[in-house]
Every structure is written in structure tokens, then in C-alpha cells.
Protein chains: 2
Amino acid sequence: MSTCGQSMKLTASPFPSPEEKRSTRAAKRDAVLRAAVQMFNERGFHQTSLDDVAASLGISKPTIYHYLGNKDQVLLECVKIGLGQLIAAAEEARAHSGTGADRLSAFLARYAAINMDDFGRCVIRTGDEALAPESRERFRDLKRQIDSHMRNLIVEGIADGSLAPCDPKLAAFTIAGALNWPARWHDPAGNESAVDLARQMIALLSRGYLPR
Amino acid sequence: MSTCGQSMKLTASPFPSPEEKRSTRAAKRDAVLRAAVQMFNERGFHQTSLDDVAASLGISKPTIYHYLGNKDQVLLECVKIGLGQLIAAAEEARAHSGTGADRLSAFLARYAAINMDDFGRCVIRTGDEALAPESRERFRDLKRQIDSHMRNLIVEGIADGSLAPCDPKLAAFTIAGALNWPARWHDPAGNESAVDLARQMIALLSRGYLPR
DNA sequence: TCGAATATATACTCATGAGTACATTGCATG
DNA sequence: CATGCAATGTACTCATGAGTATATATTCGA
């Protein structure tokens with residue numbers, strides 16, 4: 001998933017091709033974003049200075065500015081990566097065979113797992129207010145896309161009878177809320193597997209807490 | 001629910017009793033917190049300066065410092081109020097008669113509604129990192145209490161057979177997550193009633209999204 | 001009536017951290 | 001080989017906003 005620039009090829013020529021240079025650059029940018037997102041998740045965006053991020057990589061702040069325009073953009077890129085993963089998950093789920101409920105389940109499992117991962121966590125933990133107006137619009141728009149995907153899956157499930165009839169908007173918000181929340185409490189270093197957790201949460205959401 | 005200092009008594013003496021003075025002072029402190037929480041919820045804690053809060057009340061920053069120690073304390077008091085409401089709700093629910101499921105439902109309804117209210121929203125929207133270390137501990141501790149109440153209700157419900165067997169910790173987090181999320185999207189000025197919304201979300205959570 | 005305490009304002013200080021100016025190195029290419 | 005761009009560092013600027021020093025008015029109690 002990450003663009004890895006440390007090429008392992010045997011002929012480690014000291015003369016990188018333009019192609020290699022491009023990917024080296026991308027790898028550095030990636031490294032900055034990865035370092036940033038981890039600190040944002042740990043201490044929060046406003047408690048993290050770009051000096052801190054730079055220091056954690058053993059570089060200096062202007063180097064970050066060489067790869068990214070400003071702090072707002074750093075955050076925006078982070079959430080864009082997370083949201084990109086979520087959108088990809090939605091598109092994969094749509095391709096699945098089976099009932100609407102099956103497709104929804106597949107999506108939700110990925111959705112939950114992503115939200116416990118670095119970039120996904122950042123999406124959840126970032127309040128719209130943290131971003132500058134234009135970035136905020138972008139952010140909101142992408143989130144709306146995810147929501148829309150989820151609602152569509154729900155509507156399809158209701159249509160084919162594999163889901164109980166309900167208000168799709170409300171259902172999407174409710175389910176998403178439940179699966180977003182681990183971004184706040186789940187410890188990625190702990191011993192609870194994200195995938196396991198996701199499975200259990202989805203089981204509960206699908207069957208409800210009342211006995212059947 | 002709010003301490004209202006504008007006494008309506010007919011004999012509006014210009015010589016307030018010590019009792020009245022105490023309550024006037026409390027009312028002013030309340031007003032500061034209310035103004036603060038609203039701005040925090042709207043623009044976020046870090047985007048809100050105490051100068052802004054003061055201006056919104058037609059007073060000046062030092063006046064706020066006269067009633068509250070510092071910005072961290074302003075935030076802490078806000079979340080303490082919200083958490084106080086939640087704890088009260090838990091205690092009321094515990095007193096209810098009926099099955100464990102009934103008590104849980106009663107609690108959840110209040111829980112959800114509070115989370116759409118000023119102080120409850122602030123509890124949800126405030127990340128632990130925003131607070132100073134000691135306040136953060138306080139905050140976490142109170143949140144743990146709520147969680148513990150919720151888990152107890154779930155355990156009781158499972159014990160009396162009114163709830164499906166499940167891992168109480170996971171169930172509590174899942175349900176809480178779903179009911180917390182409206183703090184992020186619900187518009188208190190909109191036309192969707194918080195109580196209605198709460199009812200519907202709980203219905204979905206209790207019965208699940210699969211057909212029965 | 002004098003002094004203490006309360007309530008409020010004006011006008012500061014001062015740390016932090018985003019963002020920049022500028023120097024440097026090194027490779028790459030006309 | 002000179003010029004120019006990519007990559008990086010050092011050392012700044014500058015706005016913001018938390019928190020404070022200090023002045024003033026009011027009220028209450030001795």
C-alpha cells in the first residue's frame with residue numbers, strides 16, 4: 001500500500017533514472033505524511049508542530065515545506081489518503097457478488113479496519129474545523145461520498161430483502177458511528193486485532209442486542 | 001437544569017442577600033461556560049480564543065479569568081457538566097423498574113439526547129489531548145464511569161435474559177459509538193428532533209439491520 | 001467613613017509555532 | 001564548465017492568543 005522508495009535491485013547504480021527520482025521524491029513525501037499522521041493521532045493536530053514532525057524524521061521544517069505547501073495541506077493529504085482507502089473499499093464491495101447484505105458486510109469490515117489504521121484514524125479524529133475553509137470543503141465532500149456509498153448499499157439490501165427496512169440515512173449514520181468510534185479508543189499496539197474487533201462489532205450491529 | 005440567576009421576585013430589592021449574590025455569581029460563571037461551550041462546538045476549542053468568548057458576552061477576557069482559572073479549566077468545566085448529566089442519567093436508569101433491557105433502553109435514550117445537547121456534544125468532540133495532563137486524567141476517569149455504568153446495565157440484561165449474550169465491553173463501545181456520533185453531525189437548529197433520532201437509532205441498534 | 005473584597009476594564013508581556021529568506025551543496029544538462 | 005534546479009539546513013519574522021499587571025468603581029462590614 002505504501003510507495004516504497006528503497007529499491008532493492010542488485011545494480012544499485014549511483015545514477016538514479018528520472019523514474020527513480022520521481023519515486024524517491026514520492027517516498028519522502030510519504031514518509032513525511034506517515035510521520036505526521038502518527039503524531040497527529042497521538043497528540044492531536046494542534047499539539048503537533050511541524051518542527052516536531054521534522055525532528056521525528058531527523059530533518060528540518062523547511063524540508064517539509066519543500067514537499068508540502070503548509071500544515072493545513074499536510075493534514076488534508078493525510079485525510080485524503082484515509083478517505084481514498086475508504087472509497088476504494090466501497091468500490092471493491094460494490095463489485096462483490098451475493099445479496100445486498102453481503103456487500104454491505106464486506107464494506108463494513110474494511111471500513112472498520114481502515115478506521116483503526118493510521119490514516120483512517122486521522123479521518124475520524126479530524127474535526128472539520130481544524131482545516132482551512134477550502135480544505136474543509138474538500139474533506140466534507142469526500143466524506144459525503146463515503147456516506148453516499150454506504151447508503152446505496154443499504155438501499156440495495158433493503159430492495160432485495162436482505163436487510164430490514166429502515167431509513168437509510170439514519171442507518172448509515174448509526175452504523176458508521178459505531179464503526180468510527182474505535183478510532184478514539186482502540187490501541188493499535190494492543191493485543192486486540194482490528195479485524196476481529198470489526199467482525200464482532202458488525203455481528204452485533206447486524207443482529208442487534210435483543211435476543212432473537 | 002441551568003442555574004438561572006435572573007430572579008423574578010416582585011420585591012426586586014437593589015440590596016441582594018448573600019444568598020442572591022452567590023447565585024448571581026454562579027449564574028455568571030454558567031453564562032461564561034455556556035457561551036464557551038457553544039463556540040467550542042461550533043468552531044472547535046483551538047479556533048476559539050477566550051477573547052472571542054468574552055466578546056460574545058459583551059465582557060472582557062479578564063472577567064472570564066475572574067470566574068475560571070484558565071482556558072483548560074473552562075473546557076474541563078464544560079465537559080464535567082456534560083459528563084455529570086450522563087452520570088445522572090445512568091443513575092436514574094438504574095432506578096427504573098423492568099428488565100435489564102428496559103433499563104438499558106431508558107439510559108440510552110437519555111444518553112443519546114444529552115450527546116446532542118451543548119455540553120454533551122462538547123464531551124464527545126473534545127479529544128483527551130486537548131486537555132492538560134491533570135484535567136485529562138479527570139476527564140478520562142469520568143468517561144470511564146459512564147462506560148462502567150453502561151457495561152453494568154448490559155451485564156444485568158444478559159443475566160436476566162432480556163439481552164442477547166455478548167461481550168459487554170465491546171457492546172458498550174459499539175452502542176456508545178453509534179450514539180456519540182450525532183455530536184458530530186446533528187444540527188441542533190435543524191428540524192430533526194434529538195429525542196426522535198435517539199429513539200430510531202436505539203430501535204436499529206436493538207433489533208439489528210438484518211431482517212428478523 | 002475607611003478599608004477590604006468583588007467585579008470589571010485597559011493595556012500590557014511573552015511563548016509558541018507557522019511560515020520565510022537565504023545560504024549551501026550537488027547533480028544534470030546545455 | 002557554467003548555470004540552474006532539487007534538496008536541505010540555519011536563522012530569522014511575525015501574528016496570535018494565553019495569561020497578567022494594574023487601575024477603577026461599587027458595595028459591604030467595622
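Treat the numbers as computed from the prediction; the structure is a model and nothing was measured. A note on names: the letters A, B, ... follow the listed sequences, proteins ahead of strands, and every chain is numbered from 1.
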Gap between atoms CG and P, on A/Asp51 and D/dA11 respectively (whole Å): 14 Å

Between D/dA18 (P) and B/Leu75 (CG): distance, integer Å: 12 Å

Identified side-chain contact (heavy atoms from CB on, under 4.5 Å) counterpart of A/Leu163 within the set A/Val155, A/Leu104, A/Leu153: A/Leu104

Validation row: A/Ile114, A/Phe119 side chains within 4.5 angstrom (heavy atoms): no

B/Arg121 side chain reached by B/Asn115 side chain, heavy atoms, under 4.5 Å: no

side-chain N/O A/Tyr67 vs D/dT8 OP1/OP2, d < 4.0 Å: yes

Side-chain N,O (B/Ser49) to OP1/OP2 (D/dT16) below 4.0 Å: no

Side-chain touch A/Gln73/A/Lys80, heavy atoms, less than 4.5 angstrom: no

Rounded distance (Å) that lies between atom P of C/dA18 and atom NE2 of B/His46: 12 Å

Length of the CD-C1' vector between A/Gln47 and C/dG17, whole Å: 13 Å

Between P of D/dG9 and CG of A/Leu57, the distance in whole Å: 10 Å

Rounded distance (Å) that lies between atom P of C/dA18 and atom CZ of A/Phe40: 9 Å

OP1 or OP2 of C/dA9 under 4.0 Å from side-chain N/O of B/Ser60: yes

Sugar-phosphate only, base, or nothing, as touched by A/Lys61 at under 4.0 Å among non-hydrogen atoms: base

Non-hydrogen side-chain atoms of B/Leu75 and B/Phe45 separated by less than 4.5 Å: yes

C/dT6 OP1/OP2 closer than 4.0 Å to side-chain N/O of B/Arg25: no

A/His66 side chain near D/dA7 phosphate (N/O to OP1/OP2, under 4.0 Å): yes

Rounded distance (Å) that lies between atom P of D/dA7 and atom OH of A/Tyr65: 18 Å

Value in whole Å for how far the C1' atom of C/dT8 lies from CG of B/Leu68: 15 Å

B/Pro62 side chain, from C-beta outward: closest of D/dT8, C/dA11, C/dA7: C/dA11

